[in-house]
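Report on the following structure.
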There are 2 protein chains.
Amino acid sequence: MITNKNCIIRLSRYKNALYRLQALGFVKVFSDNLADAVGGTASQVRKDFSIFGISGNKKGGYQIDSLLEKLNSILGKDQLQKVIVVGAGHIGSALMRYRGFEKEGIKIVAGFDIDPAKINRSNPTPVLPLEEIKAFVKTNNIRIAILAVPDIAAQQAADMICAAGIKGILNFAPLGLKGAEGCIINNVNVEIELENLIYFVNVTEKTKKA
Amino acid sequence: MITNKNCIIRLSRYKNALYRLQALGFVKVFSDNLADAVGGTASQVRKDFSIFGISGNKKGGYQIDSLLEKLNSILGKDQLQKVIVVGAGHIGSALMRYRGFEKEGIKIVAGFDIDPAKINRSNPTPVLPLEEIKAFVKTNNIRIAILAVPDIAAQQAADMICAAGIKGILNFAPLGLKGAEGCIINNVNVEIELENLIYFVNVTEKTKKA
DNA sequence: ATGTTATTGTGAAAAATGGAACAATATGAT
DNA sequence: ATCATATTGTTCCATTTTTCACAATAACAT
């Protein structure tokens, strides 16, 4: 099923909202509840579901548990996703320590760094020398890497990661990377998000004044 | 100038790419160089510029330094942006220690937390009690906050931040927040980005097999 | 001076996205 | 059993975003 990035992001949000509703004791949900919960329209919720052949009940809405099963299956959450972190600096370490991934079925299984001082094989999440990445990826069948190295090193690290057989990179370095053929790169860029926010805050302030 | 979020993100990317080109000694740039650098099309580069009245030279392209000036002005980078971080956990602390913001003209001036154990007024970036946020925001004229608290506390914290007079929130909590009127919220969600990546990696693997 | 070429700037076409509307229909009420 | 109602699923329409295409023109070569 090929579709756009926004749609998949919405599916993630629906999923998260559904867990919250479930925790509150809800058993079924209507498209407009979900729309409210994630800030969209009911039409769009139904259309997103329809794209993936998810159907509810005329009157009666959607059964939360079965809906979650379907969304989780679409999002690949029916199996544990093993992820590595490349770069054990502030961001990389924070990600390795972040416990929120566990409940999402995402496990950071190792970190990698060039700096020998950062290596620590006895950590709960071991930090290994970058040279070992290819062997590790192969042995452990890793497909996803988080890249959190300084920008100057990012492209080189990305090339190395791609060569190691990684299929998807979540890039925290503040520059665009050229991915090797067959490797998808998504960017998380706090600076750019901040700049964006600043821009729109400025614009709305100006238009309010005018 | 009102436009869409993606366009502004592209402007940030152009800007970053231009700094790299400048550092390499380039003085002028063509739309297709920039397109290459950020992974877009030359048409789009020119249209983005045209939206903001940025013009180059028929033949001869764009002068990098003047282009940077214009982009920086659009993006509000001609003045230092003071930002606060709410939540001094792993993510919040990593952001406070992250040195990459400085060269972008973004300064994290303080952190805030409810946990008294996290308070530290003598830090280079002090961590203050959450109760002081309103006074601090007012005194220091802060408009942007980064929200990095556990999801359970996020909506409450967001309400507090909005009430304190903040105009834009960069939300790291893994759920959608309802922003008060007049407060813009952008989300950075690593879990969702990872899920997204996993989805598209899965899809391309499947289509490759088929 | 003239012609050629490279590159911009933009208007129009195309594609993608999102939203509204409504027919279909399951549920529950009478 | 019939009717009224609520909610889905989908089609169609509007809007947004991207791409294409090419006229305009500045720089350069001859």
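Reminder, nothing fancy here: chain letters follow the sequence lines and each chain counts from 1.
Counting to the nearest Å, the C1' atom of C:dA16 and the CG atom of A:D48 are 14 Å from each other. Residue A:N4 contributes atom CG, which lies 17 Å from atom P of D:dT16 at whole-angstrom precision. Following rounding to the nearest Å, A:I54 (CD1) and D:dT10 (P) show an atom-to-atom distance of 13 Å. Here the P atom of nucleotide D:dT8 and the CD1 atom of A:I51 are 16 Å apart, to the nearest Å. Between A:N57 atom CG and C:dT27 atom C1' the separation is 10 Å, expressed in whole Å. Atom CD1 in A:I8 sits roughly 11 Å away from atom P in C:dT17 (whole-Å rounding). Counting to the nearest Å, the P atom of D:dT16 and the CG atom of A:N6 are 15 Å from each other.
Distances shorter than 4.0 Å separate none of the side-chain N or O atoms of B:S50 from OP1 or OP2 on C:dG9. For C:dT8, one of the phosphate oxygens OP1 or OP2 lies less than 4.0 angstrom from a side-chain nitrogen or oxygen of B:S31. Applying the 4.0 Å criterion to OP1 and OP2 of C:dA24, one finds that A:R46 has every side-chain N and O outside that range.
No side-chain donor-acceptor contact under 3.5 Å links A:K28 to the backbone of A:F26.
Judged by distance alone, with hydrogens and angles left aside, B:K59 brings a side-chain donor or acceptor within reach of the base of C:dT5, the pair sitting under 3.5 Å.
Of the listed nucleotides (C:dT10, C:dA6, D:dT7), C:dT10 has the atom at the smallest distance from the side chain of B:K47. The B:R10 side chain lies nearest to D:dT18 when the options are D:dT8, C:dG9, D:dT18. Considering only side-chain atoms of B:S43, the nucleotide from D:dC20, C:dA20, C:dG9 that sits closest is D:dC20. Each of D:dT7, D:dG9, C:dG9 was ranked by its minimum atom distance to the side chain of B:K58; first place goes to C:dG9. Side-chain atoms of B:Q44 lie closest to D:dT19 of the nucleotides D:dG9, D:dT19, C:dT7.
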Derivation and outcome, salt bridge (Lys or Arg N to Asp or Glu O under 4.0 Å), residues A:E102 and A:K107: CA-CA 6 Å; A:E102 280 169 16; A:K107 185 171 169 59; 5.9 Å; no

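At the heavy-atom level, B:D32 lies nowhere under 4.0 Å from the strands shown. Among the protein residues, A:F49 comes within range of no part of the nucleic acid, since none of its heavy atoms lies under 4.0 Å from any strand.
If you run side-chain contact (heavy atoms from CB on, under 4.5 Å) between B:V85 and each of B:L170, B:D113, B:V149, B:I108, only B:I108 comes through.
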